Amino acid sequence: MKRKGLLKDETEIKIVDLGAGSKVEKSNKRKVKSIARHSLSSAKFSRFLFRLIQDFKFENIIELGTSLGINTAYLATANPEASIFTFEADPNALKIAKEINKEHENILFYAGDISNSLPNTLQNSNPKIDLVYADANHTNEASINYFNIISPYLTSQSIYILDDIHWSAGMQKAWEELKGRKEVTSSIDLFDAGLLFFNPDFEKQHYVLDF
Ligand SMILES: C[S@@+](CC[C@H](N)C(=O)[O-])C[C@H]1O[C@@H](n2cnc3c(N)ncnc32)[C@H](O)[C@@H]1O
């Protein structure tokens with residue numbers, strides 16, 4: 001419902017992009033409906049995250065790249081007892097995300113560049129992170145940096161999801177590097193996103209699935 005409203009929203013907002021930018025829109029002003037069409041994960045993928053959280057009863061969830069907060073709403077409703085830590089640099093997108101999610105009390109919004117806000121937040125609250133959905137700065141360097149910052153807070157039961165793993169050569173490189181890390185025991189390539197697992201009981205396997 002909320003997604004449908006955003007897909008029709010003609011409001012133009014100024015974009016503050018600290019990431020790799022859009023392949024579709026080059027202007028620093030963008031209609032909300034264009035962001036909703038091109039920058040958000042699909043409803044199918046949001047439902048997949050929702051199911052993961054419900055089935056595994058995940059409690060501490062990180063979302064890198066809140067954007068308009070549609071995906072955040074799925075994360076928050078999947079388990080109202082969970083804490084959703086969501087990070088976004090763009091103040092205008094964040095304002096919409098907060099408005100959309102005003103009834104969800106389990107979301108903690110963090111403004112600013114993730115490379116500052118993420119380490120500060122984790123150091124202050126020292127959580128065990130169950131699920132990460134990394135969909136912010138689509139560069140090789142940022143993808144590796146964010147993983148390294150979060151890695152000490154992961155457990156053998158955590159799942160780390162990197163979005164857009166085939167979006168660019170840099171993202172492909174990041175995916176290959178992370179898959180090869182010794183703490184990563186298996187992975188699933190869904191094309192639009194990749195899942196990393198850390199459970200030592202899993203045999204080292206890398207799956208490619210048609211999602
Ligand atoms: C693809 S969108 C996220 C979409 C969202 N996960 C969803 O599916 O609804 C990426 C977002 O990451 C934000 N972003 C990119 N680089 C960032 C950075 N360095 N720090 C904070 N936010 C950043 C962008 O402003 C943008 O809103």
Side-chain angles (χ1 to χ4, degrees), residues 1-7 9 11 13-50 52-53 61-78 84-101 104 107-122 131-150 160-168 170-171 174 190 192-195 211:
M1 285 300 280
K2 287 168 179 168
R3 190 188 296 264
K4 276 191 187 154
L6 293 174
L7 282 165
D9 193 331
T11 314
I13 61 171
K14 198 160 166 260
I15 297 296
V16 177
D17 192 348
L18 298 190
S22 165
K23 282 188 179 171
V24 183
E25 294 273 358
K26 298 297 167 207
S27 159
N28 70 342
K29 284 195 184 142
R30 213 175 294 168
K31 285 188 175 171
V32 169
K33 69 176 191 182
S34 168
I35 300 173
R37 181 164 310 284
H38 300 295
S39 301
L40 309 189
S41 58
S42 67
K44 183 181 170 191
F45 195 76
S46 296
R47 286 196 297 271
F48 168 68
L49 293 176
F50 183 95
L52 269 185
I53 294 165
I61 296 153
I62 288 181
E63 178 184 45
L64 301 180
T66 320
S67 189
L68 305 177
I70 286 292
N71 205 54
T72 325
Y74 282 86
L75 303 178
T77 44
I84 317 299
F85 303 81
T86 187
F87 296 79
E88 176 57 56
D90 186 329
N92 295 318
L94 201 51
K95 199 168 155 204
I96 295 172
K98 285 183 178 173
E99 176 60 27
I100 278 180
N101 286 288
H104 298 133
I107 304 176
L108 299 147
F109 292 95
Y110 296 94
D113 190 338
I114 290 168
S115 38
N116 301 321
S117 54
L118 181 63
N120 291 341
T121 303
L122 292 175
L131 178 69
V132 180
Y133 178 48
D135 184 24
N137 184 349
H138 288 60
T139 61
N140 170 51
E141 192 192 7
S143 300
I144 300 294
N145 184 31
Y146 300 161
F147 182 90
N148 289 342
I149 293 168
I150 297 172
Y160 192 104
I161 302 179
L162 180 62
D163 204 70
D164 286 318
I165 52 175
H166 301 293
W167 186 77
S168 64
M171 290 303 290
L190 299 176
D192 283 340
L195 280 65
F211 179 68

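Computed from a predicted model, the values in this text were never measured in an experiment. Note that ligands are numbered from 1 as they come in the structure, with each ligand's atoms numbered from 1 the same way.
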Whether N92 side chain and K14 backbone form a donor-acceptor pair below 3.5 Å: yes
For [X], atoms of ligand 1 separated by under 4.0 Å from a heavy atom:
| X | value |
| --- | --- |
| N71 | 7 (C), 8 (O), 9 (O) |
| D135 | 1 (C), 2 (S), 3 (C), 4 (C), 5 (C), 6 (N), 8 (O), 10 (C), 11 (C), 12 (O) |
| G112 | 20 (N), 21 (C) |
| E63 | 6 (N) |
| G65 | 3 (C), 4 (C), 5 (C), 6 (N), 11 (C), 12 (O) |
| D113 | 18 (C), 19 (N), 20 (N) |

To the nearest 0.1 Å, how far is [atom] from its closest protein heavy atom, and which atom is that?
| atom | result |
| --- | --- |
| atom 24 (C) of ligand 1 | E88 OE2, 3.4 Å |
| atom 20 (N) of ligand 1 | I114 N, 3.0 Å |
| atom 2 (S) of ligand 1 | S39 O, 3.6 Å |

Is there any N or O on [X] that sits under 3.5 Å from an N or O of ligand 1?
| X | answer |
| --- | --- |
| A89 | yes |
| L40 | no |
| S41 | yes |

Parallel, tilted or perpendicular: ring planes of Y160 versus F147, cut at 30 and 60 degrees: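 Correct class here is perpendicular.
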What pair of heavy atoms forms the shortest contact from [X] to [Y], and how long is it?
| X | Y | value |
| --- | --- | --- |
| S39 | R30 | OG-NH1, 3.9 Å |
| K33 | L7 | CB-O, 3.2 Å |
| N140 | G170 | CB-O, 3.2 Å |

From K95 atom NZ to E88 atom CD, the distance as rounded to the nearest 0.5 Å: 14.5 Å
Point-to-point distance, once rounded to the nearest 0.5 Å, from CG of D17 to CD1 of I15: 7.5 Å
Side chain, backbone, both or neither: the part of A136 lying under 4.0 Å from ligand 1 by heavy atom: both
Centroid-centroid under 6.0 Å between Y133 and F45 rings: yes
Min heavy-atom dist Y133 to ligand 1 below 4.0 Å: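 Yes; Y133 lies near enough to ligand 1 that a heavy-atom distance drops under 4.0 Å.
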Whether Y146 lies under 4.0 Å from ligand 1, heavy atom: yes
Candidate pair I13 and I35, rule side chain to side chain contact (heavy atoms under 4.5 Å, CB included), full reasoning: CA-CA 10 Å; I13 61 171; I35 300 173; 3.7 Å; yes
Closest candidate by heavy atom, reference atom 18 (C) of ligand 1, pool L18, V16, D17: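 It is L18 that holds the nearest heavy atom.
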N71 vs S41, side-chain hydrogen bond (donor to acceptor under 3.5 Å, both in side chains): CA-CA, chis, key distance, verdict: CA-CA 7 Å; N71 205 54; S41 58; 3.2 Å; yes
